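Written out below as structure tokens is the structure these notes cover.
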Amino acid sequence: MESPYAIEMLHITKRFPGIIANDDITLQLKRGEIHALLGENGAGKSTLMSVLFGLYQAEEGIIKKDGKEVQIKDPNDANDLGIGMVHQHFKLVECFSVLDNIILGVEPTKHGFLQKKEAREKVMALSEKYGLHVDPDAIIEDITVGMQQRTEILKMLYRDNEILIFDEPTAVLTPQEIEELMQIMKNLAAEGKSILFISHKLAEIMAVADRCTVLRKGKYIGTVETKDTTVEQLSAMMVGRNVNFHVEKKPSTPGDVILEVENMCVGSKVHKKDAVNNVSFQVRAGEIVCIAGIDGNGQTELVYGLSGLEPLKSGRILFKGEDITKASIRKRSTSGLSHIPEDRHKHGLVLDYPLEYNIILQRYFEPEFTTKAGFLKRKPIREYAERLIKEYDVRSGQGPITIARSMSGGNQQKAIIAREIDKAPDLLLAVQPTRGLDVGAIESVHKQLVAQRDAGKAVLLVSLELDEVMDVPDRILVMYEGEIVGELDPKKTTQEELGLYMAGAKRDEVKA
């Protein structure tokens, strides 16, 4: 009798130095279903999928495909078995075209020559069939994150994979791209593909998954049918306690102007027009101001201009009354500006450094951590890192000496947040601070942002998450095509009205 399961992972145990990432986990994927894998940051979700994809070898347990035991020693074995994976941090060659990335490793050749014509036809047919519209000739580094993800999905479909693993596929997408991806996943399942969907966004799991398996701290908690459960029940299974989805905060009492931006223009690397066009606004002590907008409307360049990563074409930035338009990044940092960056790998961490060095990246030169002769003081650094790891619940196999690259994405994010908030800044520039975090950690970050505000600090939040935009700030500034087109009060506006501003259908005469 044929097995009802496309994939069975039975009693899988995977250990790393100082940690059991997967502790006797069983996961069964039915044919044609979307099966969600839910858990906190560092619960072992990506590790389990990496075992299935052949990136890791489990110390114990077996994997069965269609009821027969299989050995998956590397990703080539996984591909041969029809298993494909879209990773949380994409595995694309940035200087190659979309088409070249899709066919990489399985290039069609004739007499030793590359046959791109038939590959292009197959890719275009797949993109049409599944609604994954891409430009095959575009270079990866020039396209949006959403496009890069479509390229990754097409890579799997091009190889005729039947079992598709999506690892945190929505962590970097806009709300519109998320809706499109959900539809694509449903279409794939309807075609008979079996999908494993790693996520900690409960609303998405409820929207697309048939069943959901929950992991907590490396252990199996249970599998439920999503139609028979609620968001509250899933979150309690995931973090082991009830989570408050609403941000508790008292009304703000804004004080002095901390940040003043006047007629700021920042150039674009993609278009001829400026990415930030004549933007002016203020952020006061004791308030959270949120820059909202669909991704790619100048938010990134605005943050680069404020933090010193990009020079301004014109305009000026006043920080606590002082002109910092041309100040260095270190000068801004030591003057009291903290920056939680959008891209944690590119601008947030030195991935091959241990966690303790990443935690002192912007303070290593202070007398507390460096001798007069310029040598690092190991003991104070370790003690400081240990305090922050404990305070901010940063989970890592070997504590302060864990290499940052080996940590889960969510725990990397927590380490950056710990470092930036502990500097006690006058202005906290928080860009997508909850990207890739689970509900428990999101609740904690929101509390920390409100605590900064209540301590009289200024907070400038940049977010693509509509719930976060409506719930956390005291004021919302909407960016569209490089300009601020609206200032909204989150208590008086609706998601629909906010959406109209974000799409450019409405605009105010904004008061600076």
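All values below come from the heavy atoms of this structure, side chains included, with hydrogens, waters and symmetry mates left out. Everything quoted here is computed from the prediction, not taken from an experiment.
Side-chain atoms of Glu152 and Asn101 include no donor-acceptor pair closer than 3.5 Å. For the 3.5 Å distance criterion, the side chains of Thr213 and His35 qualify, holding a donor opposite an acceptor.
Looking at Gln299, its side chain does come within 3.5 Å of a backbone N or O of Ile294 through a donor-acceptor pair. For Thr226 (side chain) and Ala209 (main-chain N/O), a donor-acceptor pair under 3.5 Å exists by modelled atom type. Although no hydrogens or angles enter the test, the distance criterion places a donor-acceptor pair under 3.5 Å between the side chain of Asn358 and the main chain of Pro354. Under the 3.5 Å distance criterion, the side-chain polar atoms of Arg332 are matched with a main-chain donor or acceptor of Ala327. The backbone N or O of Arg216 lies less than 3.5 Å from no partner atom in the side chain of Glu40, so there is not a single donor-acceptor pair. The backbone N or O of Ile329 lies less than 3.5 Å from no partner atom in the side chain of Ser333, so there is not a single donor-acceptor pair. Without hydrogens or angle criteria, Asp210 side chain to Ile34 main chain gives a donor-acceptor distance under 3.5 Å. A donor-acceptor distance shorter than 3.5 angstrom exists from the side chain of Gln413 to the backbone of Pro433, with no hydrogens or angles considered. Counting only distance, with no hydrogens or angles, the side chain of Arg31 and the backbone of Ser3 share a donor-acceptor pair below 3.5 Å. Distance alone, capped at 3.5 Å, places no donor-acceptor pair between the Asn411 side chain and the Met407 backbone.
A salt bridge between Lys45 and Asp167 is absent, with no side-chain N of the basic residue lying under 4.0 Å from a carboxylate O of the acidic one. By the 4.0 Å N-to-carboxylate-O rule, Lys217 lies too far from Asp23 to be salt-bridged with it. A salt bridge does not link Glu191 with Lys193: none of the charged nitrogens is closer than 4.0 Å to a carboxylate oxygen. A salt bridge links Arg120 and Asp137; the closest N-O separation between the charged side-chain nitrogens and carboxylate oxygens is under 4.0 Å. Ion pairing between Glu121 and Lys117 holds under the 4.0 Å rule for side-chain N and carboxylate O.
A 4.5 Å side-chain heavy-atom check between Met470 and Leu498 finds at least one atom pair inside the cut-off. Residues Leu196 and Leu52 form a side-chain contact, since some pair of their non-hydrogen atoms from C-beta on lies under 4.5 Å apart. Between Val266 and Tyr304 there is no side-chain heavy-atom pair separated by less than 4.5 Å. Side-chain contact between Ile103 and Lys122 is absent, with no heavy-atom pair separated by less than 4.5 Å. For the pair Ser235 and Leu202, the minimum side-chain heavy-atom distance is below 4.5 Å. Using a 4.5 Å cut-off on side-chain heavy atoms (C-beta onward), Asp393 and Ser444 make no contact. For the pair Ile153 and Phe166, the minimum side-chain heavy-atom distance is below 4.5 Å. Contact of the Gln28 side chain with the Lys64 side chain is not registered, since no non-hydrogen atoms from C-beta on lie closer than 4.5 Å.
Looking at every heavy atom in both residues, Glu420 comes nearest to Ser338 through O-OG, 2.8 Å. Closest non-hydrogen pair, Leu312 versus Gly315, comes out as CD1-O, 3.9 Å. Residues Gly348 and Pro341 approach most closely at CA-CG, 3.6 Å, considering heavy atoms. Smallest separation of non-hydrogen atoms from Arg344 and Arg435: NH1-O, 3.3 Å. Closest non-hydrogen pair, Ala119 versus Tyr158, comes out as CB-OH, 3.5 Å. For Leu355 against Ser396, the heavy-atom pair with the smallest separation is CD2-OG, 3.9 Å.
Screening Glu468, Glu168, Glu465 for a salt bridge (charged side-chain N to carboxylate O under 4.0 Å, His left out) involving Lys201 leaves a single residue, Glu465.
Separation of atoms CD1 (Ile484) and CD1 (Ile291) is listed at 4.5 Å; rounding is to 0.5 Å. Leu81 contributes atom CG, which lies 8.0 Å from atom CD1 of Ile163 (distance to the nearest 0.5 angstrom). To the nearest 0.5 angstrom, Ile102 atom CD1 is 9.0 Å from Arg159 atom CZ. Rounded to the nearest 0.5 angstrom, Leu154 CG and Met124 CE are separated by 9.0 Å. In this structure, the separation between NE2 on His339 and NE2 on His347 is 8.0 Å, given to the nearest 0.5 Å. Asp228 CG to Arg211 CZ: the interatomic distance, rounded to the nearest 0.5 Å, is 12.0 Å.
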*Can you check side chain to side chain contact (heavy atoms under 4.5 Å, CB included) on Val93 and Ile140, steps first, answer last?*
CA-CA 7 Å; Val93 182; Ile140 292 295; over 6 Å; no

*asked:* Working note: Cys212 + Thr229, criterion side chain to side chain contact (heavy atoms under 4.5 Å, CB included); need CA distance, chi angles, decisive distance, verdict.
replied: CA-CA 10 Å; Cys212 177; Thr229 188; over 6 Å; no

*Tell me, with the steps shown, if Met502 and Asn297 meet side chain to side chain contact (heavy atoms under 4.5 Å, CB included).*
CA-CA 9 Å; Met502 284 165 68; Asn297 277 279; over 6 Å; no

*Tell me, with the steps shown, if Ile416 and Arg419 meet side chain to side chain contact (heavy atoms under 4.5 Å, CB included).*
CA-CA 5 Å; Ile416 294 169; Arg419 177 183 74 208; 3.9 Å; yes

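Enclosure of atom NZ in Lys186 by more than 12 non-hydrogen atoms of other residues, nucleotides or ligands within 6.0 angstrom is indicated. Environment of CZ in Phe96: sparse, with no more than 12 heavy atoms of neighbouring residues, nucleotides or ligands closer than 6.0 Å. Around the CD atom of Glu225, the shell of radius 6.0 Å holds more than 12 heavy atoms that belong to other residues, nucleotides or ligands. Around the NZ atom of Lys219, the shell of radius 6.0 Å holds no more than 12 heavy atoms that belong to other residues, nucleotides or ligands. More than 12 non-hydrogen atoms from other residues, nucleotides or ligands lie less than 6.0 angstrom from OH of Tyr220.
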